[in-house]
Amino acid sequence: MANAYQIIVCGSLVPDPLQTLEPISTPGGPALKNELMLPAALDPWAGHALFEAANLAKQIPGSQVWLVSLGPKAKLQQLMMSVAQKAAFSFVPVEGNAGGFMSSVDCASALVKAIQGIAGLDMGRVLLFGGWESASRGAGSTLQLVGDALGIHDQFMGVDEIKVLEDGSFTVLERVEGACHQESLCAGAPAVLGWATGNLPEPTNNPQVGMVNMRSIMPALQKAVKAEVGLDGVEYVSVSLPKQLRDTRIVKDMPADEIAREIVEWIKK
Amino acid sequence: MEKILLLGFADQASSKLLAEGATVAANLAASLGCSWEVALIGEKVQEAANTLGGSGAAKFYGVEGEDFAFARYSSDLPAAEALLKESQATVILVPGSSRANRVLSALAMRLGGRADTHITSVTAKEGKVLANRWFYRQRMEACFSRPQRPWVMGLEPGNVVPQAFSASSVQVQMLSVALPDAAKRTKVLGLKYPAGTAQTIRPDAKLLFVAGAGWTKKQADGQIHAGEAEKAILDFLGKAQASLGSTKSLVDQSGEGNAVLSFMTHLNQVGQTGSTPRHSKGLATCCHGEEPHVVGWRFVTERRAVNMDANCGWARGKTDVLYVADAFEVMKKVNEILSA
Ligand SMILES: Cc1cc2nc3c(=O)[nH]c(=O)nc-3n(C[C@H](O)[C@H](O)[C@H](O)COP(=O)(O)OP(=O)(O)OC[C@H]3O[C@@H](n4cnc5c(N)ncnc54)[C@H](O)[C@@H]3O)c2cc1C
């Protein structure tokens with residue numbers, strides 16, 4: 001069977017998608033109104049990456065999982081209250097601005113430093129996981145940059161599956177155009193896998209895992225280094241909400257066949 | 001003075017993406033009063049280059065060969081790097097695709113520049129290049145500029161009407177890029193279609209048909225009618241040649257042992273953690289219209305919804321018409337009319 005992996009998951013927090021978001025302008029660039037008060041959630045695709053990492057680590061004995069997150073310390077701590085129960089990992093927090101308007105280059109360089117600081121890192125065994133795009137910047141750039149800076153030149157994005165073979169090589173399915181997957185065979189670690197949804201349901205909370213995780217999470221948070229994450233020179237001319245509201249015509253009490261006729265007419269128009 | 005390069009892949013010629021990119025490049029070059037060039041990567045690039053013969057591009061470069069036939073980070077990146085170095089362009093426009101997006105950020109970084117992806121428009125104002133893109137998964141749109149060069153921009157597909165350029169035979173300056181063995185650790189095996197979805201997702205369809213979890217919920221008679229739902233939906237998709245979208249709740253159910261629609265996968269999911277397809281019309285059925293779903297409708301122009309609940313999310317300004325009705329009944333009738 002394959003060598004044990006060191007799976008490093010990059011993932012942070014984003015505003016809960018059910019919240020209404022409103023842009024504001026601050027001296028440090030665009031931000032969200034009440035950004036620090038908004039309830040946060042683990043970035044969804046990064047979450048899938050974490051669950052896939054934990055699952056893979058279980059299959060290949062000796063594998064380890066780290067979660068590297070950049071964000072405001074207090075919010076990361078809150079986030080861990082829920083995430084810590086989902087999967088076993090060592091936490092590597094970095095204190096910094098996780099807002100969507102902030103530079104992915106700054107963010108990536110902070111993550112690279114944090115990853116290089118992990119004791120006992122063996123690049124020949126590293127799988128760098130994360131979401132293929134964030135729910136904040138949505139650029140698909142951070143993980144790519146981290147991987148390239150770490151010298152990892154096998155990168156896969158929009159990943160829905162990894163299958164490890166006997167000899168340590170693995171196949172990967174990546175989402176591509178036309179609603180299908182591109183299948184590739186990679187010789188082995190190191191590699192970057194930017195996850196889409198994958199195939200696993202969200203794990204149920206496991207309080208025991210949570211307790212073990214929390215023992216290392218709290219000291220890690222206390223030691224979290226601060227990173228300067230800013231605009232990287234970008235000049236925002238405007239940030240605006242789309243004209244969202246339509247004048248919805250609500251049709252009640254219309255017989256089904258009449259509705260059907262209207263719909264068909266509209267489709268054919 | 002800027003210099004513009006359209007960087008594309010040969011296989012983008014058949015999908016209009018290359019023509020879209022060339023349209024953006026030609027317009028931007030015209031407003032900046034500068035020239036623009038084309039660089040292509042692929043197994044063979046001449047044919048794709050010829051399609052832009054009449055586009056006004058000043059020069060064509062290419063990297064071609066078997067090693068560059070497939071989308072692979074470790075070969076696409078050095079090829080693109082060589083092309084950018086040769087052209088010395090300052091603004092690089094790249095038709096956005098999974099292949100392009102996989103390498104753009106690292107590409108720009110390696111050359112001391114920066115990349116931005118999912119760009120919806122590029123303009124010039126008083127000689128300054130401005131780009132637009134969405135943040136927070138289509139929640140808000142920003143217009144910005146940046147100082148670093150090269151500035152690599154991944155263009156989101158479907159934002160411009162591609163000009164019909166005349167084709168003619170062009171001279172392509174080929175660069176040779178030798179890949180070390182380390183760049184061949186990954187072998188692309190091919191494409192795989194998840195069972196069933198190949199026929200249900202049609203990116204070019206006029207109509208997006210979204211099915212929500214309501215299709216597999218207990219109905220007025222206290223029963224689940226998943227079989228009937230499948231039939232109604234597949235019937236409709238075939239007749240209307242619509243593309244099938246789904247809510248997260250409906251695709252997630254397959255993992256939870258609930259009633260499922262056999263042809264639904266995560267690739268169908270529209271929304272915050274799904275896709276943001278482009279269709280001129282969209283019809284939502286048995287879908288509540290919650291915000292994380294509806295952000296995926298940002299580029300669906302005309303919208304209608306069928307839901308039993310007059311207070312569902314769609315009622316709050318998210319659709320043009322909300323029919324408060326039973327989607328089972330309505331779609332059955334729709335299918336009857338369509339087959340008549
Ligand atoms: C982090 C995160 C990310 C998310 N990302 C996404 C995403 O990408 N995409 C997405 O879709 N959701 C997403 N969601 C989930 C989203 O918030 C909603 O929960 C989901 O969209 C609801 O799906 P639904 O409308 O199908 O189901 P429900 O909310 O269960 O609604 C079912 C609807 O069907 C109607 N109905 C039932 N029977 C009938 C009938 N016979 N005729 C007509 N109507 C009927 C009901 O009235 C109801 O409105 C996300 C949530 C989170 C927290």
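Order of the sequence lines fixes the chain letters, A, B, ..., with proteins taken first and strands second; residue numbering starts at 1 for each chain. Everything quoted here is computed from the prediction, not taken from an experiment.
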Quiz item: Between A/R249 and B/D320, is a salt bridge (Lys or Arg N to Asp or Glu O under 4.0 Å) present by the stated rule, with each step listed?
Solution: CA-CA 6 Å; A/R249 171 163 71 93; B/D320 304 314; over 6 Å; no
Given heavy-atom pairs under 4.5 angstrom as the criterion, report whether the side chain, backbone, both or neither of [X] touches chain A.
X	value
B/W134	both
B/A183	neither
B/L191	both
B/A315	both
B/E290	side chain
B/F236	side chain
B/V306	side chain

Exercise. Would you please classify the geometry between the A/H153 ring and the B/Y73 ring as parallel, tilted or perpendicular, with 30° and 60° separating the classes?
Key: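 Plane angle under 30°, so parallel.
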Quick one: closest heavy-atom pair of [X] and [Y], and the distance?
X	Y	answer
A/G198	B/H266	O-ND1, 3.9 Å
A/P17	B/P292	O-CG, 3.9 Å
B/T186	A/S184	CG2-CB, 3.8 Å
A/A135	B/Q272	CB-NE2, 3.4 Å
B/A310	A/K252	CB-CE, 3.6 Å
A/I267	B/K281	O-NZ, 3.4 Å

So [Y] and [X], do their side chains get closer than 4.5 Å, heavy atoms only?
X	Y	answer
B/E141	A/V239	no
A/T248	B/K318	no
A/Q19	B/E291	no
A/V251	B/L322	no
B/R139	A/P15	no
B/E302	A/W266	yes

Distance (rounded to the nearest 0.5 Å) between [X] [atom1] and [Y] [atom2]:
X	Y	atom1	atom2	answer
B/K187	A/C186	NZ	SG	11.5 Å
A/I250	B/N311	CD1	CG	7.5 Å
A/E183	B/K192	CD	NZ	4.0 Å
A/I263	B/M331	CD1	CE	6.5 Å
B/S74	A/I152	OG	CD1	13.0 Å
B/L77	A/D148	CG	CG	6.0 Å

Quiz item: Is a side-chain donor-acceptor pair under 3.5 Å present for A/E133 with B/N101?
Solution: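 Distance-only check fails for B/N101 and A/E133.
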Quiz prompt | Side-chain donor-acceptor pair present, A/E174, B/S98, cut-off under 3.5 Å | solution =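 Distance-only check fails for A/E174 and B/S98.
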So that I can tick it off, tell me whether [Y] and [X] are bridged by a salt bridge, with the cut-off set at under 4.0 angstrom between side-chain N and carboxylate O.
X	Y	answer
B/R146	A/D232	yes
A/E235	B/K128	yes
B/R99	A/E177	no

Among [options], which residue forms the greatest number of heavy-atom pairs with chain A at distances under 4.5 Å?
options	answer
B/S15, B/P203, B/G190, B/A182	B/G190
B/K184, B/R72, B/R114	B/R114
B/Q138, B/M140, B/R185	B/R185
B/K206, B/E336, B/Q148	B/Q148
B/L104, B/T273, B/T117	B/T273
B/D116, B/V321, B/L283	B/V321

Let me know if [X] has heavy atoms under 4.5 Å from chain B in its side chain, its backbone, both or neither.
X	value
A/L145	side chain
A/V176	both
A/L200	neither
A/D257	both
A/T197	side chain

Option that, when pairs with chain B are counted at under 4.5 Å, heavy atom only, ranks first among [options]:
options	value
A/E262, A/E202, A/E22, A/E258	A/E262
A/A196, A/P30, A/G158, A/G188	A/G188
A/L231, A/V14, A/D154, A/V105	A/D154
A/K268, A/M157, A/M254, A/R175	A/R175
A/G140, A/G131, A/S104, A/A260	A/A260
A/T20, A/L143, A/L32	A/L32

Is it true that a side-chain atom of [X] and a backbone atom of [Y] form a donor plus acceptor pair closer than 3.5 Å?
X	Y	value
A/Q144	B/R102	yes
B/Y136	A/G100	yes
B/R133	A/G138	yes

Exercise. Could you tell me whether A/F51 atom CZ has more than 12 heavy atoms of other residues or ligands within 6.0 Å of it?
Key: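 Atom CZ in A/F51 is crowded, with more than 12 foreign heavy atoms closer than 6.0 Å.
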Quiz item: So does B/K125 have more than 12 non-hydrogen atoms from other groups sitting under 6.0 Å from NZ?
Solution: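 No, because the 6.0 Å sphere around NZ of B/K125 holds 12 heavy atoms or fewer from other groups.
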